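As the structure is a computational prediction, the values presented were derived from the model and not from experiment. The chains referred to below are lettered A, B, ... by the order of the sequence lines, with proteins before strands, and numbering in each begins at 1. Side chains are part of it too, since the values below use all heavy atoms of this structure and drop only hydrogens, waters and symmetry mates.
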There are 2 protein chains.
Amino acid sequence: MDAALTLFAERGYLGTSMRDIASQLGMRAPSLYNHLESKQELLQDIMLRTMEDLFADHRAAIATTNDVAEQLRRAMEAHVRYHARHPREVRIGNAEIWNLEQPAQDRVRKLRRDYARSWQDVINRGVDEGRFQTPSPQLASYAMLEMGIGISLWYHEGGRLSESQLAYYYGDMALRLVSAESG
Amino acid sequence: MDAALTLFAERGYLGTSMRDIASQLGMRAPSLYNHLESKQELLQDIMLRTMEDLFADHRAAIATTNDVAEQLRRAMEAHVRYHARHPREVRIGNAEIWNLEQPAQDRVRKLRRDYARSWQDVINRGVDEGRFQTPSPQLASYAMLEMGIGISLWYHEGGRLSESQLAYYYGDMALRLVSAESG
DNA sequence: TCCCATGGCGAACGACCGTTCAGCCGGGAG
DNA sequence: CTCCCGGCTGAACGGTCGTTCGCCATGGGA
């Protein structure tokens, strides 16, 4: 539900009432229950779908080439594009894990872990092949993931930088972080 | 108040009740009002003090040298050390701005803006002196700030990496991001 | 024309929130 | 010993929350 996305992202899950969501849709709160089970269900749908979409984009990006430096660049570009295009989803995803009930919370945590592991695999392979150089592949991957997340906080369409410029610059920074020559 | 720090960081401002805080202290909620004005006051104290401390550490770090590459490294080290030492404060600081009432919210936003600007000033000077190379000093500064914030989410004392190792590695990454030779 | 399913609605539920207030208790000052 | 006062307390306040329920309007199918 689009209205819930906007409100959860702006005020947080606990800061948004069913009455708020309903009024954004020109309705009253009880009417919402004709279309959904509970408020918690809304949050779970949003967070699970977000992580799965992000991960799917990521896999598609690194499947397009075998060159490890190019994989890293394209992974970062996909990461950045997703965060620029879906800032509301990402903000909720990063802020509301603690408000997710089990077992959904563990599912999201597992997806995150798998996502981070995939990044580390790429970096480790680059190091093994002698293409990347870094004192800690793990720290490098954390840094890259985190760099993208910030984008969802300040980027808005129509700003000074286009999404494609953003993706290119961040791809560039990712390669610099591991001292790689661009593939 | 230390108890409030822990609870706000774990469950969020809205997810923590005065009864929760009191019970952590072996009291009842009304007793808290002998020591503070309101729940909002707690949040404002925490967030303002946090941003001011972080900024003070930052200024001290870049005042210790005139070499711009060394300034960048030391700024990143101070940034990382603060986030590793005060994860609760930082988490609250990043998650709860929207729950801060005015005028405190604007004061915190201004402190953040000033902090970011100081980073950009260092990077811009490095570019002017021909020491740094980056397609966008602004993006580079955002990336560096964001890299540190993630630390507060996973670092804990006694983990595989010591705080000093962490600071050194991140300082290294900051310099790589702008393709600088270590000062 | 009648029927019924769909979906919005007002009212109300119990729970919990931040906060107030009057009273109680223990211990230090006189 | 007496008094007083800082600090903790139960009770209670008005308010908001997520959710339920019975009612009602509507409009398409028979």
Over all heavy atoms of both residues, which pair between B/Thr16 and B/Lys39 is shortest? Give the atoms and the distance, please.
O-NZ, 2.7 Å
Aromatic ring pairing A/His58/A/Trp119, orientation class (parallel under 30°, perpendicular over 60°, tilted between)
parallel
A/Leu42 has an atom CG; how far is it from atom C1' of D/dT19, in whole Å?
14 Å
Is the phosphate of D/dT16 approached by A/Ser17 (side-chain N or O, under 4.0 Å from OP1 or OP2)?
no
Rounded interatomic separation in angstrom, taking CZ from A/Arg19 and P from D/dT19
11 Å
A/Tyr33 side chain, from C-beta outward: closest of C/dG8, D/dG18, D/dC8:
D/dG18
Is any side-chain heavy atom of B/Arg88 less than 4.5 Å from a side-chain heavy atom of B/Ile46?
no
For the side chain of A/Lys39, counting heavy atoms from C-beta on, which of C/dG18, D/dC8, D/dC17 is nearest?
D/dC17
When you measure from the side-chain N and O atoms of A/Arg28 to the phosphate of C/dG10, is any distance below 4.0 Å, counting only OP1 and OP2?
yes
Do the side-chain N or O atoms of B/Ser31 get closer than 4.0 angstrom to the phosphate oxygens (OP1, OP2) of D/dT9?
yes
Specify the separation, in whole Å, of atom CE of B/Met18 and atom P of C/dT20.
10 Å
What's the CZ-C1' distance between A/Phe8 and D/dG18, to the nearest Å?
12 Å
Rounded to whole Å, the CG-C1' distance (B/Leu32 to C/dC17) equals 14 Å
I need the CG-C1' distance between B/Leu14 and D/dT16, as an integer number of Å.
12 Å
Residue met sooner reading DNA chain D from 5', once A/Asp20 and A/Glu37 are mapped to nucleotides:
A/Asp20
Protein-nucleotide distance (A/Glu101, atom CD; D/dG18, atom P), rounded to Å:
13 Å
Among A/Asp121, A/Thr65, A/Thr64, whose side-chain contact (heavy atoms from CB on, under 4.5 Å) with A/Gln71 holds?
A/Thr65
Keeping B/Asp172 on the side-chain end and B/Tyr168 on the backbone end, is there a donor-acceptor pair under 3.5 Å?
no
C/dG8 base / A/Asn34 side chain donor-acceptor hit below 3.5 Å
yes
Using whole Å, report how far CG of B/Leu7 lies from P of C/dC17.
12 Å
For C/dT6, does either OP1 or OP2 sit under 4.0 Å from a side-chain N or O belonging to A/His35?
no
